[in-house]
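Comments concern the structure below.
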Amino acid sequence: MSTEASPGDADRAHAVNALRSYGVGLVLAAGLTLASFWVLHTQLLWGPGTGVALAVLAVAQMGVHLVFFLHITTGPDNTNNVLALAFGVLIVTILVAGSLWIMTNLNHHHPQIPATYLHSLPYDSHPLAAAPRPKY
Amino acid sequence: MSGATTVIETAEVAAQTSKRTIVGYGFWMFLLSDFIMFAAIFAAYAVLSGATAGGPVAADVIHLNIAAVETVCLLMSSFTCGLASLAANLRKPVWTQTALTVTGVLGGAFLALEVREFAGMVALGAGPQRSAFLSAFFTLVGCHGLHVSAGLMWLGTMMAQIYAKGFRPDIMRRLLCFSLFWHALDIIWVAVLTVVYLQGAGS
């Protein structure tokens, strides 16, 4: 027998175990999705906390999918799959958090021109078009 | 005599398992790179979601009940795809084809709902050219939809190959990759549902 498991391979020797894995995954995923919709509609939670709760539930559900559907587990036969996943998560985090950080920072330091003001002017008379380039 | 045969069989099984593991691992690499591509599109959406240019905001154009039905379709299809792998491992052609058919029908229902949603938005003047937010919306949700379309074509091909060639090791490896792809689509959808639909309706 190989000591490495392929991603996606359930317990191939025991069909009942594999079936149970898919069933548990389905129930957990459905429960977390229901919880997400509940979080959105309930008045019990503090408003600004809703986004955080939704994010946590989504990450939890992705974990459920990875473990019960793709069978990426922490078992000794799965080390390579988990390491590759960890690297992927690192890149995704840097990409998303970095983009948001940089763009929010740029927005913060850039004067916002009201849309109504822009639309009232002919294209060439945009104040930024005529302004001298700032020196950096 | 029988001892020698057992050794050869064990070696063959080990080689076969190893090939399956390598193919699965390689496809896992592809899926992770696909996640990174989606991360870039998600980042663009997050940055541009407020840039509505006086047009509709997310809450104006999305329908949570449609998104809920789409979610049920994809989640159930992920489950039936798992059942198909299970049936294929047990070498049950009828159950494999049945589970794959149900997977395809659910995926098709998801896609039909999404196309209807897009057509409705374009008819209301909320097409991708209306604002940066809507460009990002159609790019993100549409890219996931394109993946589902590609998955459906692959699904049809797999059903034909299983029918024509049976459960050969190479066909089983392709089926493994297909099921990984289909489950991965559901993971992306969880993120789309949360970031675009639930957060959009809540804001």
Side-chain angles (χ1 to χ4, degrees), chain A residues 1-2 4-10 12 15 18-19 21-23 25-26 29-30 32-33 36-37 39-41 47 50-51 54-55 57-59 61-62 64-66 68-72 77 80-81 84-85 87-89 91-100 102-104 107 115-116 119, chain B residues 10 13-14 16-18 20-25 27-29 31-33 35-36 38-40 42-44 46-48 50 52-54 64 68 71-72 75-76 78-83 85-87 89-90 173 176-177 179-180 182-184 186-187 190-191 193-195 198-199 201-203:
Chain A
M1 278 302 287
S2 166
E4 299 275 331
S6 168
D9 264 347
R12 296 181 79 207
L19 182 62
S21 164
Y22 288 121
L26 179 67
L32 287 165
T33 305
S36 294
F37 278 91
V39 159
L40 195 63
H41 288 113
T50 308
L54 286 175
L57 286 168
V59 170
Q61 194 178 340
M62 288 181 198
V64 166
H65 283 251
L66 283 171
F68 293 99
F69 290 155
L70 286 115
H71 304 292
I72 306 291
D77 56 355
N80 285 335
N81 301 334
L85 174 67
F87 184 66
V89 170
I91 301 293
V92 165
T93 309
I94 292 174
L95 197 55
V96 174
S99 302
L100 279 173
I102 291 169
M103 294 310 289
T104 312
N107 275 341
T116 46
H119 290 156
Chain B
T10 314
V13 167
Q16 188 184 314
T17 314
S18 151
R20 185 180 169 88
T21 306
I22 291 167
V23 168
Y25 187 64
F27 199 74
W28 181 226
M29 292 279 126
L31 287 179
L32 287 169
S33 69
F35 286 162
I36 290 168
F38 265 105
F42 270 107
V47 166
L48 296 174
T52 52
L64 268 189
T71 306
V72 171
L75 182 58
M76 285 311 295
S78 218
F79 178 68
T80 55
C81 180
L83 294 187
S85 323
L86 193 61
N89 282 341
L90 295 171
R173 288 196 295 272
L176 170 73
C177 292
S179 70
L180 282 171
W182 198 258
H183 292 315
D186 207 11
I187 294 186
V190 172
L193 176 74
T194 303
V195 172
L198 296 176
Q199 305 268 27
S203 63

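Only heavy atoms go into these numbers, but all of them, side chains included; no hydrogens, no water, no symmetry mates.
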Original post:
Counting heavy-atom pairs under 4.5 Å to chain A, which of B:L75, B:L31, B:T194 comes out on top?
Top reply: B:L75
**OP:** With sequence neighbours left out, write down each residue that passes ring-ring contact (aromatic ring centres under 6.0 Å, His included) with B:F35, or none if nothing qualifies.
**Re:** none
Original post:
Who passes side-chain contact (heavy atoms from CB on, under 4.5 Å) against A:V89, sequence neighbours left out?
Top reply: A:L85, A:T93
Please flag which part of [X] lies under 4.5 Å from any non-hydrogen atom of chain B: side chain, backbone, both or neither.
X     : value
A:A97 : neither
A:L40 : side chain
A:H41 : side chain

Original post:
For the side chain of A:S36 and the backbone of A:L54, is there at least one donor-acceptor N/O pair under 3.5 Å apart?
Top reply: no
Subject >> Top contributor to chain B interface from A:N81, A:V64, A:I102 [non-hydrogen pairs under 4.5 Å] >> reply: A:N81
Subject >> Largest heavy-atom contact set with chain B, pairs under 4.5 Å, which of A:I91, A:T104, A:V96, A:N80 >> reply: A:N80
Given heavy-atom pairs under 4.5 angstrom as the criterion, report whether the side chain, backbone, both or neither of [X] touches chain A.
X      : value
B:L176 : side chain
B:A87  : neither
B:T71  : side chain

If you compare all heavy atoms of [X] against all heavy atoms of [Y], which two are closest, and at what distance to 0.1 Å?
X     : Y      : result
B:R20 : B:R173 : CA-CD, 3.9 Å
B:Y25 : A:A84  : OH-CB, 4.1 Å
A:F69 : B:S78  : CD1-OG, 3.9 Å

Original post:
Could you walk me through whether A:T33 and B:L193 pass the side-chain contact (heavy atoms from CB on, under 4.5 Å) check?
Top reply: CA-CA 9 Å; A:T33 305; B:L193 176 74; 4.3 Å; yes
